[in-house]
Number of protein chains: 2
Amino acid sequence: MDGLRVLPLLDGEPVERSDAARNREALLAAAEELVHERCGVHGVTMDKVAARAGVGKGTVYRRFESREGLMAALLNRSETAWQQSVLSGPPPLGPGAPPLERLLAFGHSRMETNLLHGDLIQAAGQSGARAYAAVSFVAMHVRYLLTEIGVRGDVPILATALLAPLEIVILQQQTHIEQVPLERIRRGWDDLVRRVVSVDVVAP
Amino acid sequence: MDGLRVLPLLDGEPVERSDAARNREALLAAAEELVHERCGVHGVTMDKVAARAGVGKGTVYRRFESREGLMAALLNRSETAWQQSVLSGPPPLGPGAPPLERLLAFGHSRMETNLLHGDLIQAAGQSGARAYAAVSFVAMHVRYLLTEIGVRGDVPILATALLAPLEIVILQQQTHIEQVPLERIRRGWDDLVRRVVSVDVVAP
DNA sequence: AGGCAAAACGGACTATGGTCCGCTTTCTAT
DNA sequence: ATAGAAAGCGGACCATAGTCCGTTTTGCCT
């Protein structure tokens with residue numbers, strides 16, 4: 001009998017072999033351990049990750065493409081939890097609050113998250129995973145909220161404009177180099193949002 | 001007679017030795033040549049730059065600290081010309097036009113410049129020179145224009161918010177990955193500026 | 001069960017950024 | 001002009017990201 005697996009699992013995702021899956025887990029776990037031990041992303045080398053996971057270096061690169069890819073994968077783990085709290089957590093970040101309040105809460109939360117994972121984000125660079133998964137989720141959400149608020153104009157572009165000052169390169173420039181206090185950055189962003197939005201809400 | 005050099009050239013900039021100056025020029029020239037030959041920043045290695053300039057690798061690092069530093073130095077050369085046209089070129093980019101027009105022209109010009117030097121900017125990273133020279137010039141100018149326009153609020157933070165969407169990481173995300181046409185990005189930025197500014201100009 | 005093709009493995013190898021330290025050049029004071 | 005010290009020089013050396021390819025494992029099919 002041929003039993004299970006009747007559906008030919010439409011190609012494009014040709015099933016992950018068991019050893020491959022095992023090794024991916026091992027590698028991510030090893031990388032996370034090393035980041036914690038070393039108290040940072042710097043100093044976590046590909047060799048060490050491979051050794052800790054008990055595999056060869058070639059395997060790391062097959063699974064994650066590059067150092068950036070590995071970091072991006074690591075990042076996605078924490079990002080997922082955060083995305084959950086945006087989609088279904090308590091208001092005002094989650095659903096239930098009026099859209100403007102949600103948008104402001106979103107900005108504050110995103111700011112904190114980005115600063116928290118700053119080094120990891122930079123180490124992940126432009127690498128695929130983040131560029132797609134994270135960026136597009138965040139952009140999507142802001143577009144949605146802007147639409148709910150009733151903003152006229154090129155919503156996708158405006159969403160990008162609101163998100164840009166929350167990017168880690170900008171935040172680090174402000175906090176680390178210009179020494180701007182966080183509270184002021186936050187108020188500045190709130191002000192920006194209100195300015196962008198007010199044009200439409202006052203004049204229908 | 002003890003002749004020239006009476007002023008003890010107040011320390012802090014302890015005079016550059018002639019060989020050092022010569023080598024710096026040679027290195028920058030070599031780096032520029034290689035960038036042109038290779039049609040890009042990638043593939044320009046420190047070894048090649050040193051060899052082309054006819055010096056050892058150690059010299060490159062003494063002069064420019066790191067690869068990022070070298071790239072930043074390269075960038076500064078072109079940046080300087082651009083800064084001149086902002087400060088004293090023809091309007092609307094240069095002085096003479098009303099501040100709002102100047103601000104819009106500034107955004108367009110900055111957008112083009114950043115896209116043109118995209119790879120170089122990324123290769124220069126956060127490295128000193130750019131973080132200070134370029135960023136602070138640009139920030140200063142936008143603050144000045146916002147003040148002239150009569151914007152109330154936290155002008156430095158608003159300036160950062162307007163500049164953020166012009167950063168290369170954002171622009172490349174939009175043009176290369178999301179395939180947004182340049183014209184649309186430009187119009188989007190104009191809209192953003194008008195929204196940010198309009199709050200103050202209509203309601204004094 | 002046994003065989004077979006595809007996928008995965010792993011470690012030696014390469015390329016390149018960055019460091020180090022003994023030697024050379026430049027500058028200044030005599 | 002000369003000597004001495006400070007600054008600069010340069011290439012051998014190290015660390016780490018990334019590649020390659022012969023070998024091993026896996027999972028399906030008869």
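Excluded from the calculations below are hydrogen atoms, water molecules and symmetry mates; all remaining heavy atoms, backbone and side chain alike, are included. Lettering of chains follows the sequences in order, A, B, ..., and the numbering in each one begins at 1.
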Separation of dA17(D) atom C1' from H42(A) atom NE2, nearest Å, is 13 Å

DNA chain D nearest-nucleotide lookup for T45(A) and G58(A): closer to the 5′ end is T45(A)

Picking from dC9(C), dA17(D), dG17(C), the nucleotide nearest the side-chain atoms of D19(A) would be dC9(C)

dist E79(B):CD -> L120(B):CG (nearest 0.5 Å) comes out at 9.5 Å

Whole-Å distance, D47(A) CG to dG10(C) C1', equals 12 Å

When M46(B) and R22(B) are each assigned the nearest nucleotide of DNA chain C, the 5'-most assignment goes to M46(B)

With a 4.0 Å limit, can you tell me whether S18(B) has a side-chain N or O closer than that to the phosphate oxygens OP1/OP2 of dC27(C)? yes

E68(A) CD to dG18(D) P, in whole Å, measures 7 Å

Between CG of L27(B) and P of dG17(C) the distance, given in whole Å, is 14 Å

Would you please confirm or rule out a distance under 4.0 Å between OP1 or OP2 of dG10(D) and any side-chain N or O of T59(B)?
yes

Next item on the list: Compare side-chain N and O positions of N23(A) against OP1 and OP2 of dC9(C) and report whether any pair is under 4.0 Å apart.
Entry: yes

Between CZ of R24(B) and P of dG10(D) the distance, given in whole Å, is 16 Å

Rounded to whole Å, the CG-C1' distance (L70(B) to dG17(C)) equals 12 Å

Exercise. Looking only at side-chain N and O atoms, does R62(B) come under 4.0 Å of OP1 or OP2 in dT19(C)?
Worked result: no

Which of dA17(D), dG11(D), dG10(C) is nearest the side chain of K57(A)? It is dA17(D)

From CZ of R67(B) across to P of dA15(C) the rounded distance in Å is 17 Å

Review point. Is it the case that more than 12 heavy atoms not belonging to E65(B) sit under 6.0 Å from its CD atom?
Key: no

Closest non-hydrogen atoms of A124(B) and L75(B), given as atom of the first, atom of the second and distance, are CB-CD2, 4.4 Å

CG (L87(B)) and CZ (F137(B)) are apart, to the nearest 0.5 Å, by 4.0 Å

Per the atom types in the model, does the base of dA7(D) pair as donor or acceptor with the side chain of R17(B) at under 3.5 Å? yes

When rounded to whole Å, the CZ to C1' distance for the pair F64(A) and dC9(C) reads 15 Å

Ion pair check, E32(A) and R38(A), cut-off under 4.0 Å:
no

### Task
May I ask you to evaluate whether R63(A) reaches the phosphate of dC9(C), defined as a side-chain N or O under 4.0 Å from OP1 or OP2?
yes

